[in-house]
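Please read the structure below before turning to the comments.
Naming: A, B, ... by sequence-line order, numbering from 1 per chain. The figures that follow rest on heavy atoms only: side chains count, while hydrogens, waters and symmetry mates do not.
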Amino acid sequence: MSPELARVLHVSLNHYLALSAILFSVGVLGVLLRKNAIVILMSIELMLNAVNLDFVAFAKYNSNIDGQAMVFFVMTIAAAEAAVGLAIAVAVFKRFKEVNISYFEKLKG
Amino acid sequence: MTVEDLLFHSFAVMAVLSALFVVFNRNPVYSALFLALCMSVLGAMFFTLNAYFVAVAQITVYAGAVMVLFVMVVMLFDLKREAEEILKFSPVTLAKVLAAALLCGFLVGTGWLGVTAVKGNLALHLAPSATAADLEKPIDGKIPRMEEKKETSPDEAREPLAKVSGNPDEDLTAAEEARLVENATVPESRVGGGLEEFGSTVTLSRVLFSKFVFAFEAVSALLLVAIVGAVALARSKGGTHHVS
Amino acid sequence: MGDGLLEFIVNTVKIALIFFAVVSTVPLLVWVERRGSAFMQNRLGPNRVGPLGLLQLAADAVKFIFKEPFVPEAADKALYFMAPALCLLPAMLTFAAIPLSTPFTVGGHTFKMQVTDINVGIVYIFAVASLGVYGILVAGWSSSNKYSLLGALRASSQMISYEVAMGLSIIGVILKYKTFDLTKMIGAQTGPFNFTWQGHNFEPLSWLPNWGIFFQPVAFILFFTAGFAETNRLPFDLPEGEAELVAGYHTEYGGFKFNMFFMGEYGHMMTSAALITILFFGGYALPWAGGGPVQVQEFWLSHSTWLSQTLSLSASEAASVLTMVTHLACFSAKMGFFLFVYIWVRWTLPRFRYDQLMDLGWKTMLPWSLANLGATTALMFFARYNPL
Amino acid sequence: MNPDLLIAILLLSPFLGFLINGFLVKYNNKNNLRAGGIATAAAGISFLCALILTFKLMTMGAEERAIHVVYFNWLSTGTLNVNMGFNVDPISAIMILIITGVGSLIHLYSVGYMSHDAHPAKFFSYLNLFLFNMLVLVLGDNLILMFVGWEGVGLCSYLLIGFWFEDPEKAAAGMKAFLVNRIGDAGFLLGLFTIFVTFGTVEFTELAKMTFSPEIGAWGPVTLATACLFIGATGKSAQIPLYVWLPDAMAGPTPVSALIHAATMVTAGIYMIVRLNFMFVAAPTTMHIIASVGAATALFAASIGLLQTDIKKILAYSTVSQLGYMFLGVGVGAFGAGFFHLMTHAFFKALMFLGAGSVIHGMGGEQDITRMGALAKKMPITYKTFLFGWLAIIGTPFFSGFFSKDEILWRAYSSPLGSKFLWIVGVVAAGMTAFYMTRLMCLTFWGTSRVDKGIKVHEAPLTMTAPLMTLAVLSLVGGWVGVPHIFHVPNLLEGWLEHMVHDVTAEGSSWEEWMTMLVSVAVAGFAAFFAYYLYALNPEMPKTWVRKAKGLYHLIYNKYFVDEIYGWVFVRPLVQLSRGLWAYLDVRVVDRTTYFLSDLVKGTGAGLRLMVNGNTQQYALYIVFGVLVSLAFIFAR
């Protein structure tokens with residue numbers, strides 16, 4: 001294969017960043033497009049995972065373990081967020097028999 | 001094109017595809033399962049990044065716990081395939097898609113250029129990517145700073161630090177010491193490949209329980225609060241099993 | 001590159017071997033189960049086909065394979081087909097991290113008796129095991145049958161609940177051995193029973209092997225019990241409680257797909273048996289063998305001439321091979337025993353009620369595991385620091 | 001006991017009393033004994049502390065007689081650095097003795113006086129608060145802290161004058177006092193600023209260290225500062241032109257008049273000048289102003305006092321004129337004398353107010369002396385004690401008032417800053433004082449009774465008479481600490497103050513001093529006898545005289561129409577102007593602008609509101625846009 005291609009394919013920090021950027025944007029797309037509250041929560045989880053990837057990649061390429069420590073905090077937060085989010089989803093479902101995000105407009109003050 | 005590259009690219013493709021499925025599949029169950037897959041793939045990727053414990057934690061926490069929660073909820077609600085299109089054409093939808101695409105472009109761009117823009121970042125010179133194969137090659141000025149970086153042999157790599165102050169060797173070792181002290185990494189971690197000890201659970205836990213101990217406690221408290229809140233939210237008047 | 005290729009090939013072979021080992025052990029276990037249960041219930045069991053009815057296994061296999069693969073009408077096809085694989089996969093993956101024996105050297109190449117030597121082995125196993133839930137959930141949901149769904153939900157919630165207690169009970173053990181690496185754990189259990197207190201080493205009962213169970217009895221009981229729940233076996237087989245849900249999550253499955261669930265369950269069983277062996281009973285290390293593997297190696301160095309001559313290997317290589325075989329045998333023996341215990345218990349104890357199961361998990365085992373953890377921590381602290 | 005703890009108790013025990021009575025107001029209102037007990041105890045405790053502190057001072061050497069404690073740095077901005085520091089030195093020692101001593105007596109008195117009132121707890125809490133503020137005023141070691149106390153006592157006086165605010169007149173009186181005081185306070189502030197700008201510090205000790213060369217001419221910084229401060233003093237101490245609030249202040253309960261408007265607060269101005277005497281002596285112009293204002297006030301107020309018929313009003317005007325005396329004293333550089341008169345006046349004027357209070361109490365709220373007479377039999381104790389007050393104020397030899405007043409007159413006569421004219425004015429004022437006081441005595445206690453049949457006159461209870469007796473004794477012996485040298489007994493007060501105040505040395509031979517003393521005594525005696533002759537022996541004569549000189553009578557009776565003049569000259573124009581401003585500027589310009597602005601905001605909000613439609617995903621889109629913009633910014637760089 002051509003040297004340029006080889007260099008571009010050769011993994012470096014930037015590849016990881018690019019990948020996480022793509023995943024993050026996909027997550028954003030999900031948040032923007034989907035109507036199902038639970039799927040939106042999933043998309044948020046996806047974004048968080050993209051961030052995790054960044055952290056770990058930086059941790060390796062800066063040989064600085066702090067990045068990995070951060071991932072733990074992100075995970076914990078994600079878990080908490082998922083728990084509460086799902087609880088809300090359950091509440092909404094009990095009320096409307098559906099978890100469409102548009103029902104949250106009812107919360108508008 | 002080494003084995004690592006192969007792994008990375010295959011993993012990357014899988015991750016992106018599953019992520020896309022998560023977003024564009026109309027069936028929430030599939031979305032959840034694909035998300036679990038995506039997370040597992042990322043976990044595998046963490047293994048290749050020498051973050052063993054993090055990888056395992058990723059799989060346990062995300063794939064093993066969080067996503068199971070999602071799947072169970074979705075299955076309990078018995079959410080069928082959604083009726084309405086995800087991408088039905090409308091200006092708003094268009095705006096959203098464009099925004100996401102633009103964001104992606106920006107992020108990737110800043111990723112490529114931004115990393116190299118970081119000043120005095122030893123990592124660039126330590127990155128295992130600076131192999132002989134690339135060093136021979138002539139450079140086209142696509143992403144100049146990247147190229148510079150790739151050109152430097154380990155000795156030249158010390159230059160940025162050397163510029164900062166006098167004798168390269170001493171200063172490098174000094175900087176080394178400083179980094180080691182605060183990051184609890186071991187010297188081998190500098191040399192691209194030999195990251196055996198780095199990322200091991202010991203170093204990780206050392207940093208987690210010394211430097212970030214407060215954050216650790218705070219997060220645990222947060223978790224407790226979240227649990228209580230979730231229970232309070234989800235239970236209905238007549239006990240947990242009664243559906244109002 | 002040559003090495004790389006060799007490594008690649010070796011790993012592939014290993015994976016294949018482990019897979020087939022597990023898969024082919026399952027019929028054997030089935031046979032043991034059926035004969036054993038018959039024995040316990042004072043009947044004969046399968047004894048027609050072949051000697052001791054051993055060929056019954058082959059017959060079953062054939063039957064499984066040639067059954068008509070029917071699919072429920074309302075099922076979600078893709079997931080319906082994926083579920084059995086999802087159930088089998090984690091079992092295999094977990095088994096991949098288990099060190100079956102000491103590494104041996106042939107032709108200058110050293111081979112580990114383990115697919116991959118992950119330095120966080122135990123945690124890895126837990127992680128992968130926790131993925132086992134998906135298979136069950138997907139199976140239950142995709143076959144669009146309310147019994148299946150209920151069974152699946154039961155199974156998953158039960159597994160999650162018991163994972164908590166299981167993991168916590170393990171932490172005490174990990175603290176004891178100060179490592180995640182299963183091989184290191186085994187290494188820490190060689191030799192006679194001894195412990196260090198305030199810098200002095202004590203060896204009170206030199207005739208006891210230095211096994212984890214003597215240090216972590218509570219953890220052992222908890223882990224063992226949780227193991228049943230994890231594998232959905234009696235007395236915790238609520239998910240397929242035929243009394244209330246026809247057959248739980250695999251009600252709608254037949255033929256080879258059902259067989260895969262079966263294998264998955266037995267795979268889980270084998271993994272947990274192996275884990276019990278490694279964590280609490282010295283893994284592949286021979287008990288009463290003095291210094292453990294090293295001792296055995298030395299013994300074989302002086303007694304392996306016959307092999308080295310027949311296979312024209314160097315003495316040390318032959319010795320390593322024989323050591324490996326010895327330890328493999330030892331490991332299989334221990335593991336076999338615990339597999340038998342599993343079967344034994346299945347035919348001895350009655351089934352729990354679901355609320356009892358949950359109470360046991362959350363209100364009994366969790367507190368005990370926490371207490372065990374606290375006690376272990378305190379002991380280890382005082383073992384190292386003198387508060388006075 | 002270490003001093004800072006002592007001072008803390010001294011200050012905080014009244015404050016604590018205030019808090020207790022203030023928070024338990026509902027509960028304590030039911031029982032004036034409880035409320036009064038708490039308040040009096042608080043005052044008593046701080047009086048004890050004051051005594052101990054004074055003894056501590058006495059044990060010290062004459063030079064370093066000062067206890068200075070700093071609790072914490074209160075505020076420090078730029079070069080201004082104010083400590084929460086308190087300073088007990090000979091001057092403030094006497095002040096705190098007067099404040100807490102007379103204060104606690106008056107508290108005790110009030111227990112009896114307020115027995116019929118509905119809100120004793122409120123009253124006592126205010127009274128305690130006043131004590132606290134007054135102590136802060138006199139103890140504060142810098143001008144800022146003094147100003148805090150200055151404002152605090154102003155507030156308390158406002159609250160207490162308007163204590164019975166259901167009566168609009170009394171409420172108005174309180175407001176008047178407050179507003180008039182504000183004018184003075186503005187002057188005080190200006191003086192404070194001038195001092196800070198000029199000398200860069202507001203600490204008394206710092207200022208005292210500096211050397212002031214006497215300034216010639218009107219507009220030197222010291223002159224300016226002292227003049228401004230004196231304006232403050234005129235406000236607080238009721239001098240021309242700002243005295244008008246004090247007579248109205250008699251609307252408050254009588255103990256308040258005794259404590260605040262006779263003994264303590266109104267003397268704050270004198271205290272301030274004495275405290276800063278080193279600065280005032282350096283400003284001859286200011287001193288001249290002070291002396292002349294003081295003399296004028298003394299005469300003017302005394303002349304008004306001649307014909308008043310409200311017992312408290314008379315006492316109020318006499319207070320004003322006595323304060324005029326004090327200012328005359330400090331104005332001619334006799335700070336010691338002025339301070340001495342402050343002390344003695346505190347005793348006998350408090351005594352007379354309380355006596356008047358007990359008279360009013362006994363008369364069931366009657367204040368008009370033309371409706372009294374021959375009360376000597378009915379309330380003997382009040383009568384006897386009041387007699388002491390009378391003797392003291394008209395300057396009967398060897399009573400306290402005699403020494404202090406003659407000290408002032410002699411200094412006015414002899415000091416280089418003084419003059420014969422000032423002395424004559426002072427003597428005339430003394431004569432008038434003697435006249436109207438004797439008149440008061442005649443119409444109240446002697447002569448024939450003109451009391452309505454309905455009123456059941458009775459002597460006051462012990463809680464009220466005990467303070468009267470104590471003060472009576474004090475107003476006899478109070479003056480013996482400052483006996484002039486010509487009697488060849490040591491002048492204790494002078495010795496006590498000598499390192500603090502720098503009097504302008506008076507030159508003059510001892511026979512001159514004898515002469516002035518005799519003259520004033522003679523004038524006072526004659527005036528007193530004349531008054532006795534007029535009002536006791538043949539009471540018809542004054543009426544005929546009044547008929548003869550109607551215009552003059554009305555002029556004086558209506559206090560020279562000063563209030564009306566002020567009303568026409570200052571108040572009405574001000575009211576008109578502000579009404580005009582409201583009608584035109586405010587309504588037409590300000591309001592319209594604000595309305596326009598509010599409408600603008602409303603409109604924008606209404607526009608933006610469309611964005612916030614509750615669609616969470618759109619919100620997310622906005623977030624993404626924000627991120628994009630910032631990324632673009634990073635990217636562009």
Side-chain angles (χ1 to χ4, degrees), chain A residues 3-4 6-7 9-15 17-19 21-26 28-30 32-36 38-39 42-43 45-46 49 52-53 56-57 59-66 68-69 71-73 75-80 82-84 86-91 93-94 99, chain B residues 1 4-5 8 12 15-16 19-20 22-23 28 31-32 35 39 42 46 49-51 54 61 66 69-70 73-74 77 82 86 96 100 103-104 107-108 111-112 115 123 126-127 129 134 137 183-185 189-190 198-199 203-204 207-208 212 215 219 222-223 226 229-230 233-234 236 243-244:
Chain A
E4 272 68 32
R7 197 182 300 113
L9 286 182
H10 191 79
V11 178
S12 72
L13 178 53
N14 308 35
H15 290 74
L17 296 189
L19 173 58
I22 294 166
L23 290 177
F24 189 87
S25 336
V26 174
V28 171
L29 202 55
L32 291 182
L33 287 178
R34 296 304 297 263
K35 287 271 170 281
N36 185 329
I38 295 180
V39 179
M42 291 182 200
S43 311
E45 296 291 338
L46 188 59
N49 268 274
N52 281 358
L53 181 60
V56 175
K60 165 157 181 182
Y61 284 93
N62 290 355
S63 61
N64 176 342
I65 197 84
D66 293 2
Q68 296 190 10
V71 174
F72 277 98
F73 299 134
M75 279 181 193
T76 328
I77 306 239
V84 176
L86 281 175
I88 293 170
V90 169
F93 183 81
K94 279 178 183 164
V99 282
Chain B
M1 196 69 177
E4 289 82 17
D5 300 351
F8 171 81
V16 172
L20 286 172
V22 172
V23 172
S31 301
L35 186 53
M39 287 164 167
L42 286 181
F46 291 172
L49 283 169
N50 305 85
V54 176
V61 174
V66 174
L69 201 60
F70 272 98
V73 169
V74 173
F77 290 179
E82 283 165 15
I86 294 169
K96 287 173 175 175
L103 181 68
C104 182
L107 284 176
V108 174
W112 280 95
V115 173
L126 300 177
S129 52
D134 310 315
K137 294 294 156 222
N183 304 341
T185 59
S189 63
R190 249 196 79 247
F198 170 72
T203 46
L204 181 56
V207 100
L208 200 57
F212 296 112
V219 158
L222 169 78
L223 209 50
L233 274 171
S236 54
V243 176
S244 54

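Contact between B/V74 and A/I38 at its shortest, heavy atoms only, is CG2-CG2, 3.9 Å. For A/Q68 against B/L204, the heavy-atom pair with the smallest separation is CB-CD1, 3.8 Å. Closest of all the heavy-atom pairs between B/V23 and A/R34 is O-NH1, 2.7 Å. Here the closest non-hydrogen pair linking B/L233 and A/A87 is CB-CB, 3.7 Å. Of all heavy-atom pairs spanning A/S25 and B/A100, the tightest one is CB-O, 3.9 Å. The minimum heavy-atom distance between A/M75 and B/V54, with the atom names listed, is CE-O, 3.8 Å.
Using a 4.5 Å heavy-atom threshold, the side chains of A/F72 and B/F212 count as separate. Annotation: side chain of A/F73 is in contact with side chain of B/L208 (closest heavy-atom distance under 4.5 Å). In this structure the side chain of B/F70 reaches within 4.5 angstrom of the side chain of A/E45, judged on heavy atoms. Residues A/V11 and B/E4 form no side-chain contact, since every pair of their non-hydrogen atoms from C-beta on lies 4.5 Å or further apart.
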Could you walk me through whether A/N36 and B/F77 satisfy the side chain to side chain contact (heavy atoms under 4.5 Å, CB included) test, starting with their C-alpha distance in whole Å, then the side-chain angles of each, then the deciding distance to 0.1 Å, before giving a yes or no?
CA-CA 12 Å; A/N36 185 329; B/F77 290 179; over 6 Å; no
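Heavy atoms of B/L20 lying under 4.5 Å from chain A belong to its backbone as well as its side chain. Interface remark: B/V73 contributes side-chain atoms only to the contact with chain A (heavy atom separation under 4.5 Å). Using a 4.5 Å cut-off between heavy atoms, B/V66 touches chain A through its side chain atoms alone.
Taking the six-membered ring for Trp and thresholds of 30 and 60 degrees, B/F8 and A/H15 have ring planes more than 60 degrees apart, a perpendicular arrangement.
Of the listed residues (A/L53, A/V56, A/L46), just one forms a side chain to side chain contact (heavy atoms under 4.5 Å, CB included) with B/L42, and that residue is A/L53.
Going from atom CG of B/L49 over to atom NZ of A/K60 covers 5.5 Å, rounded to the nearest 0.5 Å.
When A/L29, A/V99, A/V28 are compared by the number of non-hydrogen pairs under 4.5 Å with chain B, A/L29 comes out ahead.
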